[in-house]
Protein chains: 2
Amino acid sequence: MTRVATTLKDVAKLVGIHPATVSRALNPRTSHLVNPATVARVRKAAASLNYVPNPMASGLRTARSHTIGVVIPDLTNPLFPGMVRGIQDTLARAGYTPLLVNTDNDPEVEAHVVASLRARRVDGFILATARRDHPFLLELSEKFPVVLINRVTESGQFPSVTTDEMHGIRLAVDHLVGLGHRAIAHIGGPAWSSTGHERAQAFSRAMKSHGLSTARRMAAVDAWSVESARETARALLVAQPAITAIVAANDLLALGAMSAGRSLKLRCPRALSVTGYNDMPFMDIVDPPLTTVRVPQHDIGAEAARLLLSLLRDDAQSPVKHVRLTPELIERGSTAPPLRGD
Amino acid sequence: MTRVATTLKDVAKLVGIHPATVSRALNPRTSHLVNPATVARVRKAAASLNYVPNPMASGLRTARSHTIGVVIPDLTNPLFPGMVRGIQDTLARAGYTPLLVNTDNDPEVEAHVVASLRARRVDGFILATARRDHPFLLELSEKFPVVLINRVTESGQFPSVTTDEMHGIRLAVDHLVGLGHRAIAHIGGPAWSSTGHERAQAFSRAMKSHGLSTARRMAAVDAWSVESARETARALLVAQPAITAIVAANDLLALGAMSAGRSLKLRCPRALSVTGYNDMPFMDIVDPPLTTVRVPQHDIGAEAARLLLSLLRDDAQSPVKHVRLTPELIERGSTAPPLRGD
DNA sequence: CCGTTTTTGGCAATCGATTGCAACCGGACA
DNA sequence: TGTCCGGTTGCAATCGATTGCCAAAAACGG
């Protein structure tokens, strides 16, 4: 425990030069200021001493922690680990480390964890917790580079990486219509969430383009949960027995809808077809395997990280960038032609 | 962008005292050295200025980053997010931040990410990647507090938090025997993993205690994956058609076993009962719902964090502590009495 | 061969908080 | 009245890396 780690000074002593020169030699951005031969000697000495720069020291001096706050609702929601991996992998390659926090979808918790990330002096934020109308996001984005993923705000004034909801929902509707369904319902996500909102809009447009009615066939849940969807779907199916198919705003809601159908003796897919959204892990082995819209989770995270890194690089306010990735339909067992043509 | 954040000096100026005194006043460990009245004034001033200490500065001085390296195989494996949440929640309350990395079960990647965590000057490690015989763990644990979760090493010389595998597997075996099964097989985990090893051992002991044979009824996979289990289980079922039940070493392997059974026209649970281990999310909605041994994921993480924090506190080498949590059996639809009594 | 430009590298200040040491204060005690 | 003491607070060094500024050295031009 005499000496914990070797420092710049140790390397300098070994090479016989000043620590400042070592610093310059080791930093790619400044190494052109020092004689290539010296750089080589420094590199060798640093390697031989196992020198690793102390990020707290450099961070103190440069006021950059090389750390990114990543705020997600809940890591145990299988939608997010893939995105987090995408973020981690991309940030790591650029020398940044993500600091991960959960909010449990509670705005108060969110305010708290964001504050603690600021206390940690993160250099930027990736947020998966945007609400359509977000309280402190504006203030945050004035002080830090911010990228939203998955969800966005109403105003669209922040850089974001999302999927093309319109396209995804259209794929699901087209698929069901192609199977012969006409009476198709939508179980929408919470109204405060952009994904819920946009998918509902996308649903009614897609239906309209097929000349189909959505009257009394659209409902929204309070929370992205199986239970919430079960109740909502049950009420809808009871009120509208003609419904033969449900487009759910995400996989959890689809599971809830299937469960509601089961409780009403509507077996899926014979009596009721259901589609999900996201294609979370294991959706291929539930009963029945879920037809769903797959979003490229890893890519969303990776794109978001790239976007944030570019914001970090050119401080210049380039125009706000929105990246939209394209989802694809995964056809499985939860959809089939309706029992009787309508 | 004139002034990024307020510092100790700002607070000191406002109160009219020396920064050192402010530091002492704000630090609970040293505030007894300062006049209570002064402490109060300092607190008020700090609050009014929104003062937040700079962790890089204090970290530089104290050589502690208040940061913990958390090394897991793969965040997208649903077993881990729960543990990570447990770790995060507990560490956060103590003012520590986890730095999360994945290894994809690759020892080389692990060496690399551990090195990068050391570069970040983490104060300790929580590792979910132990192999029975682990290369650099000893060296690491000499320099840092280390706690293992989920898996342990052969030698058992490192603090750890695990579940009682013996008990968990016994629950599964007892359950199947109680249903009337006699020809019970085991699909074991990879041999390099302590969980795989211990569960296999537990299985043969539990069977023995019932007076049942395990001869030619135990196999092990190469990797914790559905595919690997599918092949292994299929071979086993073909070679030993008398088998009526399978105890899998984890849920993924159980899913693989069920899939293998299906491909051999052995419907689960009528012709083949299967149990899993871990009770990952969604195991209640797969087809059929999986009977499995639930491990308290959040608690494992929380216990590990607590254990590490206590190691961080008393540097004194207290005896190596092993925490064992008790799993419970969750009975669902994948197990039933055998078709014909054996 | 001398004056000038360009390289190269040293010096020292700086980032913000912590902490050993010393100084100061008022009061107690002899 | 002088000494001592405990309680407070200030001073200054320190952690390790970065960087503006300047000086020495080298290269260059005429």
Side-chain angles (χ1 to χ4, degrees), chain A residues 1-43 45-46 49-67 95 118-121 123, chain B residues 1-43 45-46 49-67 95 118-121 123:
Chain A
M1 280 292 191
T2 52
R3 166 64 121 259
V4 185
T6 86
T7 73
L8 266 192
K9 223 184 289 185
D10 301 324
V11 180
K13 210 177 303 170
L14 180 60
V15 182
I17 59 177
H18 198 271
T21 308
V22 177
S23 169
R24 280 189 277 254
L26 257 23
N27 186 332
R29 221 181 54 266
T30 51
S31 62
H32 68 274
L33 294 172
V34 28
N35 189 318
T38 319
V39 172
R41 279 162 55 221
V42 169
R43 288 236 181 83
L49 289 179
N50 257 312
Y51 169 71
V52 178
N54 184 325
M56 294 182 225
S58 84
L60 175 59
R61 177 63 221 251
T62 61
R64 324 186 93 263
S65 63
H66 282 261
T67 258
R118 295 178 61 162
R120 280 261 170 208
R121 302 296 201 270
D123 293 337
Chain B
M1 280 292 189
T2 52
R3 166 65 120 256
V4 185
T6 87
T7 72
L8 265 191
K9 222 185 286 183
D10 301 324
V11 180
K13 210 177 304 169
L14 181 61
V15 182
I17 58 176
H18 198 272
T21 308
V22 177
S23 169
R24 281 188 278 252
L26 258 23
N27 185 331
R29 221 181 55 268
T30 51
S31 62
H32 69 274
L33 295 171
V34 175
N35 188 319
T38 317
V39 171
R41 278 161 58 221
V42 169
R43 287 234 181 84
L49 289 179
N50 256 312
Y51 169 72
V52 178
N54 184 325
M56 295 182 225
S58 85
L60 175 59
R61 178 63 220 251
T62 61
R64 324 185 92 263
S65 64
H66 282 263
T67 259
R118 293 179 62 164
R120 279 261 169 208
R121 302 297 202 268
D123 294 337

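Proteins get letters first, then strands, A, B, ... in listed order; numbering begins at 1 in each. Because the structure is a prediction, the values reported are computed rather than measured. These values consider heavy atoms only, across backbone and side chains, with no hydrogens, waters or symmetry-generated copies.
Whole-Å rounding puts the A:Arg61 CZ to C:dT14 P distance at 9 Å. In this structure, B:Lys9 places its NZ atom 14 Å from P of C:dT18, rounding to the nearest Å. We find that CE of A:Met56 is positioned 13 Å from C1' of D:dA17, with the value rounded to whole Å. At whole-Å resolution of the value, CG in A:Asn54 and C1' in D:dT18 are 13 Å apart. Distance A:Leu8 CG to C:dG10 P: 13 Å, rounded to the nearest Å.
Between A:Pro55 and B:Ala119, the closest heavy-atom pair is CD-O, 3.2 Å. Between A:Val15 and A:Ala45, the closest heavy-atom pair is CG2-CB, 3.4 Å. When all heavy atoms of B:Thr7 and B:Tyr51 are compared, the closest pair comes out as C-CE1, 3.5 Å.
Remark: A:Thr38 engages A:Ile17, A:Val34, A:Asn35, A:Arg41, A:Val42 in a side chain to side chain contact (heavy atoms under 4.5 Å, CB included) (not counting sequence neighbours). Residues passing the side chain to side chain donor-acceptor pair (under 3.5 Å) test with B:Arg120 are A:Thr97, sequence neighbours excluded.
The stretch residues 24-39 of chain A touches DNA chain D through A:Arg24, A:Arg29, each having a heavy atom within less than 4.0 Å of the strand. For the contact set between residues 11-22 of chain A and DNA chain C, defined by any heavy atom under 4.0 Å, the members are A:Ile17, A:His18, A:Ala20, A:Thr21.
Within the helix from C:dC1-D:dG30 to C:dA30-D:dT1, the inter-axis angle between the opening and closing five-pair segments is 50°, rounded to 10°.
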Tabulate below the donor-acceptor pairs under 3.5 Å that side-chain atoms of residues 21-31 of chain B make, not counting sequence neighbours, or state none.
{"from": "B:Asn27", "atom 1": "OD1", "to": "B:Arg29", "atom 2": "N", "distance (Å)": "2.8"}
{"from": "B:Thr30", "atom 1": "OG1", "to": "B:Arg24", "atom 2": "O", "distance (Å)": "3.1"}
{"from": "B:Thr30", "atom 1": "OG1", "to": "B:Asn27", "atom 2": "O", "distance (Å)": "3.2"}

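Of the candidates D:dC15, D:dA17, C:dA17, D:dC15 carries the atom nearest the B:Leu60 side chain, counting heavy atoms from C-beta on.
Residue A:Lys9 holds its NZ atom at 9.5 Å from NE2 of A:His18, rounded to the nearest 0.5 Å. With rounding to the nearest 0.5 Å, the separation of CE in B:Met56 from OG1 in A:Thr62 is 7.0 Å. Taking CG from A:Leu8 and CG from A:Leu49, the interatomic distance works out to 11.0 Å, rounded to the nearest 0.5 Å. Interatomic distance, A:Leu60 CG to A:Arg121 CZ, rounded to the nearest 0.5 Å: 10.0 Å.
The environment of CZ in A:Arg64 is crowded: more than 12 heavy-atom neighbours from other residues, nucleotides or ligands sit within 6.0 Å.
Taking side-chain N and O atoms only, B:Thr62 has no distance below 4.0 Å to OP1 or OP2 of C:dT18. The phosphate of D:dA17 has neither OP1 nor OP2 within less than 4.0 Å of any side-chain N or O from A:Ser23.
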